[in-house]
Amino acid sequence: QSYELKFPTGNVTADRFLKVDSVTGSGATGVGQLSFAEVSGGTSWQAVKTNSDSPVSGAAGAGYFMNTTGGAITLTLPGSPTIGDEISFIDYAGTFDTNNLTVARNGKNINGSAADLTVATERAANTLVFTDNTQGWLLKSN
């Protein structure tokens, strides 16, 4: 059997994946066609943010390098998230212990609590995933 691979038009970038869209052809002839469709995925990492960018408006699917060397930064979570939305952050310069990162909840709970999250651990890195209005944003790993 032989298969012809068809790819979507345009470039497939590092934040895109391919999934099997369809398989066509006759089993009797042993000739078929396998088509792919592009699927978005992964984290879209943003340029380094500093205290002069604060507050940073977070977007679902984005990752943020947070440089608090010059002062604390607030990362505001989206106000209308849907289940599975993720936001990641990393302590770019290892200064969260000196100048904290505040993750502003924007009306949704964080870890089941109606309070903002203060990150004060040097070199902290994490991902928050939205579940529902009861638990809200949960840490993907501890």
Side-chain angles (χ1 to χ4, degrees), residues 1-27 30-142:
Q1 289 186 345
S2 64
Y3 290 95
E4 176 183 345
L5 298 178
K6 287 191 172 185
F7 293 93
T9 58
N11 295 328
V12 177
T13 59
D15 67 340
R16 302 282 187 249
F17 299 92
L18 297 177
K19 72 173 183 175
V20 174
D21 190 43
S22 65
V23 178
T24 59
S26 168
V31 176
Q33 189 173 48
L34 185 62
S35 297
F36 291 88
E38 190 173 336
V39 178
S40 295
T43 302
S44 176
W45 288 96
Q46 307 301 302
V48 175
K49 304 297 181 188
T50 66
N51 65 311
S52 64
D53 298 311
S54 189
V56 175
S57 295
Y64 298 91
F65 298 102
M66 306 301 269
N67 181 356
T68 63
T69 301
I73 300 176
T74 296
L75 173 62
T76 304
L77 296 172
S80 299
T82 59
I83 188 168
D85 281 355
E86 295 187 1
I87 291 186
S88 299
F89 59 84
I90 294 177
D91 182 0
Y92 172 83
T95 54
F96 281 4
D97 56 337
T98 304
N99 295 310
N100 302 158
L101 169 68
T102 298
V103 180
R105 66 189 197 91
N106 202 6
K108 302 294 182 184
N109 288 343
I110 298 176
N111 290 327
S113 175
D116 292 342
L117 174 66
T118 300
V119 185
T121 303
E122 183 179 321
R123 293 291 180 195
N126 218 309
T127 298
L128 292 167
V129 182
F130 187 77
T131 56
D132 57 28
N133 288 329
T134 302
Q135 291 300 314
W137 294 92
L138 298 176
L139 291 170
K140 193 170 183 177
S141 61
N142 286 323

**Student:** For Phe89 and Phe96, take the angle between the two ring planes, folded into 0 to 90°, and tell me which bin it lands in: parallel under 30, tilted 30 to 60, perpendicular over 60.
**Tutor:**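 Ring orientation, 0 to 90° scale: tilted.
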**Student:** Measure the CE-OG1 distance between Met66 and Thr102 for me, rounded to the nearest 0.5 Å.
**Tutor:**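 It comes to 9.5 Å.
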**Student:** Going from CG on Leu101 to CG on Asn67, what distance comes out if it is rounded to the nearest 0.5 angstrom?
**Tutor:**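 Those atoms lie 11.5 Å apart.
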**Student:** Looking at every heavy atom in both Ala115 and Arg105, which two are closest together, and how far apart are they?
**Tutor:**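 Here Ala115 and Arg105 meet closest at N-CD, 3.4 Å.
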**Student:** So, does Arg123 use its side chain to make a donor-acceptor pair with the main chain of Ile90 at under 3.5 Å?
**Tutor:**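 No, the answer is negative, given that no donor and acceptor are paired below the 3.5 Å cut-off.
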**Student:** Is there a donor in the side chain of Lys108 and an acceptor in the side chain of Asn133, or the other way round, less than 3.5 Å apart?
**Tutor:**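 Asn133 and Lys108 do have a side-chain donor-acceptor pair below 3.5 Å.
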**Student:** Roughly how far, to the nearest 0.5 Å, is OG1 of Thr74 from CG of Asp53?
**Tutor:**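 The distance works out to 12.0 Å.
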**Student:** Do Asn109 side-chain atoms and Gln135 backbone N/O form a donor-acceptor pair below 3.5 Å?
**Tutor:**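 A pair under 3.5 Å: no.
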**Student:** With side-chain contact (heavy atoms from CB on, under 4.5 Å) as the criterion, how do Val56 and Ile73 come out once you've worked through the C-alpha distance, each side chain's angles and the decisive distance to 0.1 Å?
**Tutor:** CA-CA 8 Å; Val56 175; Ile73 300 176; 4.1 Å; yes
**Student:** Give the C-alpha distance, both sets of side-chain angles, the deciding distance and a yes or no for side-chain contact (heavy atoms from CB on, under 4.5 Å) between Tyr64 and Ile87.
**Tutor:** CA-CA 8 Å; Tyr64 298 91; Ile87 291 186; 4.0 Å; yes
**Student:** Closer than 3.5 angstrom, by distance alone: can the side chain of Asn111 be matched with the main-chain N or O of Ser113 as a donor-acceptor pair?
**Tutor:**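 Absent.
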**Student:** State whether the side chain of Thr76 and the backbone N or O of Ala104 hold a donor-acceptor pair below 3.5 Å, judged by distance alone.
**Tutor:**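 Not at all, since once roles are kept as given, no pair shorter than 3.5 Å links the two residues.
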**Student:** Measuring from atom CG of Asp91 to atom OG1 of Thr121, what distance do you get when rounded to the nearest 0.5 angstrom?
**Tutor:**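 Asp91 CG to Thr121 OG1: 9.0 Å, rounded to 0.5 Å.
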**Student:** For residues Thr43 and Ala62, report the shortest heavy-atom separation together with the two atoms involved.
**Tutor:**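 Thr43 and Ala62 have their closest heavy atoms at CG2-C, 3.7 Å.
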**Student:** Do you know the tightest heavy-atom contact between Gly79 and Asn106?
**Tutor:**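 Minimum heavy-atom separation between Gly79 and Asn106: N-ND2, 3.1 Å.
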**Student:** Does any non-hydrogen side-chain atom of Leu77 lie less than 4.5 Å from one of Ile110?
**Tutor:**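 Answer yes - side chains close enough.
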**Student:** Under a 3.5 Å distance rule, please check whether Asp85 uses its side chain to pair with a backbone N or O of Ala60 as donor and acceptor.
**Tutor:**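 No; judged by distance alone, with no hydrogens or angles, the pair does not exist.
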**Student:** Quick one: do the Asn51 and Ser54 side chains pair a donor with an acceptor below 3.5 Å?
**Tutor:**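 No.
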**Student:** Quick one: pull up CG in Asp132 and OG1 in Thr82 and give me the separation to the nearest 0.5 Å.
**Tutor:**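 One gets 12.0 Å once the value is rounded to the nearest 0.5 Å.
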**Student:** Is any side-chain heavy atom of Pro78 closer than 4.5 Å to one of Trp137?
**Tutor:**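 Of all side-chain heavy-atom pairs linking Pro78 with Trp137, at least one is under 4.5 Å.
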**Student:** To the nearest 0.5 Å, what is the distance between CG (Leu139) and CG (Asn126)?
**Tutor:**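 Those atoms lie 4.5 Å apart.
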